[in-house]
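Sequential numbering from 1 along the given sequence is applied to the chain's residues.
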Amino acid sequence: MPQDAFTLRFVARELDGTLAGGKINKINQPEREEVSLLIYTGKRTVKLTLNANASDCGAYFTDGDKENPLTAPNFCMLLRKHLSGAQILGVSLAGFERILVFRLLCASDFSMRERVLYAEIMGKYSNLVLTENGIILGALKTTSLDENYKRIICPGAKYAFPAPQDKTDPSDFPALSETLKGVPETDRAGFLFRSVAGLAPCTAEQIASAYRGGDFALHVYEYIFSDEVSPCVLVRGGAPADFFARSVRGATPFSTLSEAQSYFYNARREKKSFEAQARKLTSAVGAIKKKQEKRLAQNLEKQRQCQSCETDRVKGELITANLHALTRGMRACELYNYYDEAGGTLKIALDEALTPAQNAQNYYKKYRKQKRTLEVLAPQEKDTRAELDYCESVLSALAAAENTEDLQSVEEELLAAGILKAPKERAKKRKAEIPFRTYEREGIRILAGRNNLQNDRLIRTGAPDDIWLHAQKYHSAHVLIKTEGRSVPESVLLYAAEVCAKFSDGKGDKIPVDYCLLKNVKKPPKAKAGFVIYNEYKTLYVSSESAL
């Protein structure tokens, strides 16, 4: 993102035009490195966000509300103490540095003082510093002599700008001309970035691309200090990639640079939040799945160990049938196995301390114990496989999630299933039900569940003559065509099948999707969420990539 001096010059001009003369009514710090100021401009109230986070640093207006901590951080309390009710005299850029200067007139019952809030928009070095008469009153991020002996940021210290880079100030035209005399034609953008202060690589690229011959230094100077501004946001792959103060080919235009920044940062935060929430839920389900896989492996191993139970029964039977030929003290015997169709013999180990009858009883005892174990293990295996299948269905829903509503619906399911624990304050609040995914084709509504609970609700709320769809042999969303007594065209049926295939595990051009009347779909008693049985169905083969 080009949060360079070139862009911040336009930001400062835009903020000054809106905020000069305005009054600070409210100060909050919703996040550790973000401060919001509620300012009445005389015409309307605006919210200014000052962000000093390394990846989101900037100054722009926002409309959304963020939850504030119950206890205000120290820096927020400091700003409230010194800036509540302050009048904004003006906003400017400090030279050609990446520092916005907010001049503030602060009045109290006994005095009137001018204070300055510096918003240093410098990537990982970003900071907010409040000063009075050049002395620091407080800062969002403080340093000490031990941490940074070149620049001290702490209360009581004198505020100093960062040490200048070994680059040419573009406002000094003679120095700029001298610097750009040796610019290589094949690397103008790289040379500009390395040699001229206040330019991000993308800004240098824009300046070089706009050059059409003549005095290159004059072109650079006029481009940087021109009043032309056309804010825009460049979108790649459906997500905002960057914002610019000047128009860029293929970018979405915005009326103000603040709107472009707000859209860019909000979209990026939403994406980060979405990905973090998806990772959290996937991790929670993955842990349960791993636990069930371990449980299944142990179950199968125990069953394998008990597979010899029939052999133990046969040994007991053979010993009992041959008691007359066996005596105490024998370590083994080889008896004719009349259970063997080939008529062979079976060698049987014996405990020499026991009688033949007692040896037979030992084999019967082992047989009964192993048989009981197998009888217990069989339903446990079935339950474990059902749990694994359920985990797979939830992971499938998470993989198909497209927005925060999808994730919230899955989170609600996990809370209901006890996989996640709800915070106490959250448990008291009853949220409105998240709606189904809704589509329309040729005037007919199509509903799709976002999670297993919604899939169950879809079945409960549908009419018997509605058409129900589900991907065959795949985990997928349940889809319902609301017929409302009408016949459904084949095109609508195909579209609904494509929606079903899209929100399934299946990938490719021939995903089998079963469909039938909803009255033919039943949910077995005590079945896991999302599990149903159905009959009298037909199958369509559709692509998972063609819907929407």
Is there a side-chain contact between [X] and [Y] (heavy atoms, below 4.5 Å)?
X      : Y      : value
Leu89  : Leu104 : no
Asn451 : Val394 : no
Lys272 : Asp56  : yes
Leu19  : Val46  : yes
Thr131 : Leu137 : no
Asp505 : Ser396 : yes
Ile99  : Leu93  : no
Val229 : Arg246 : no

Candidate pair Asp4 and Thr7, rule side chain to side chain donor-acceptor pair (under 3.5 Å), full reasoning | CA-CA 5 Å; Asp4 53 8; Thr7 304; 2.8 Å; yes
Phe96-Phe225 aromatic ring centre distance below 6.0 Å = yes
Go through the side-chain N and O atoms of [X] and [Y] and say whether any donor and acceptor fall under 3.5 Å apart.
X      : Y      : answer
Glu259 : Ser255 : yes
Ser504 : Ser476 : no
Thr62  : Thr49  : yes
Gln408 : Gln277 : no
Asn452 : Arg457 : no
Gln261 : Gln3   : yes

Is [Y] paired with [X] through a side-chain N to carboxylate O contact shorter than 4.0 Å?
X      : Y      : answer
Glu387 : Lys289 : no
Glu405 : Arg437 : no
Glu412 : Arg450 : no
Arg115 : Glu132 : yes

Hey, mind stepping through Met77 and Leu79 against side chain to side chain contact (heavy atoms under 4.5 Å, CB included) and telling me if it holds?
-> CA-CA 5 Å; Met77 296 297 290; Leu79 293 182; over 6 Å; no
Taking [X] for the side chain and [Y] for the main chain, is one N or O donor matched with an acceptor at less than 3.5 Å?
X      : Y      : answer
His82  : Leu130 : no
Asn28  : Pro30  : no
Glu14  : Ser258 : yes
Arg80  : Ile27  : yes
Asn455 : His478 : yes
Glu275 : Ala278 : no
Asp16  : Ala12  : no
Ser195 : Phe191 : yes
Lys181 : Leu176 : no
Asn133 : Ile135 : no

Would you compute the distance between atom [atom1] of [X] and atom [atom2] of [Y] and round it to the nearest 0.5 angstrom?
X      : Y      : atom1 : atom2 : answer
Cys57  : Leu50  : SG    : CG    : 11.5 Å
Leu199 : Phe6   : CG    : CZ    : 8.0 Å
Ile481 : Cys500 : CD1   : SG    : 10.0 Å
Lys23  : Leu105 : NZ    : CG    : 11.5 Å
Arg13  : Leu257 : CZ    : CG    : 10.0 Å
Lys507 : Tyr474 : NZ    : OH    : 10.5 Å

Run the numbers on Glu120 and Tyr125 for side chain to side chain contact (heavy atoms under 4.5 Å, CB included), then give the verdict.
-> CA-CA 8 Å; Glu120 301 177 347; Tyr125 301 108; over 6 Å; no
List the steps and the verdict of side chain to side chain contact (heavy atoms under 4.5 Å, CB included) for Ser126 and Asn53.
-> CA-CA 7 Å; Ser126 297; Asn53 182 272; over 6 Å; no
Testing the basics here: between [X] and [Y], what is the closest heavy-atom pair and its distance to 0.1 Å?
X      : Y      : result
Pro240 : Tyr263 : CG-CE2, 3.8 Å
Cys202 : Asp242 : SG-OD2, 4.5 Å
Ala189 : Ala204 : O-CB, 3.4 Å

Fit a plane to each ring of [X] and [Y], take the angle between them on a 0 to 90° scale, and name the class: parallel (under 30°), tilted (30 to 60°) or perpendicular (over 60°).
X      : Y      : value
Tyr159 : Phe161 : perpendicular
Phe216 : Tyr211 : perpendicular
Phe503 : Tyr439 : tilted

Check the pair Asp187 / Arg194 against salt bridge (charged side-chain N to carboxylate O under 4.0 Å, His left out), numbers first and verdict last.
-> CA-CA 11 Å; Asp187 188 28; Arg194 294 188 298 270; 3.0 Å; yes
Between Tyr390 and Glu413, is a side chain to side chain donor-acceptor pair (under 3.5 Å) present by the stated rule, with each step listed?
-> CA-CA 11 Å; Tyr390 175 71; Glu413 178 182 342; 2.6 Å; yes
Answer yes or no: are there more than 12 heavy-atom neighbours, outside [X] itself, under 6.0 Å from its atom [atom1]?
X      : atom1 : answer
Asn74  : CG    : no
Lys66  : NZ    : yes
Lys47  : NZ    : yes
Glu442 : CD    : yes
Asp166 : CG    : no
Lys81  : NZ    : no

Apply side chain to side chain donor-acceptor pair (under 3.5 Å) to Lys141 and list each qualifying residue two or more places apart in sequence or on a separate chain.
-> Glu33
Check against side chain to side chain contact (heavy atoms under 4.5 Å, CB included), Thr168 and Leu180 = CA-CA 10 Å; Thr168 302; Leu180 297 180; over 6 Å; no
Please say whether the positively charged group of Arg269, taken as NZ for Lys or CZ for Arg, lies over the ring of Phe274, i.e. under 6.0 angstrom from the six-membered ring centre and within 45 degrees of the axis.
-> no
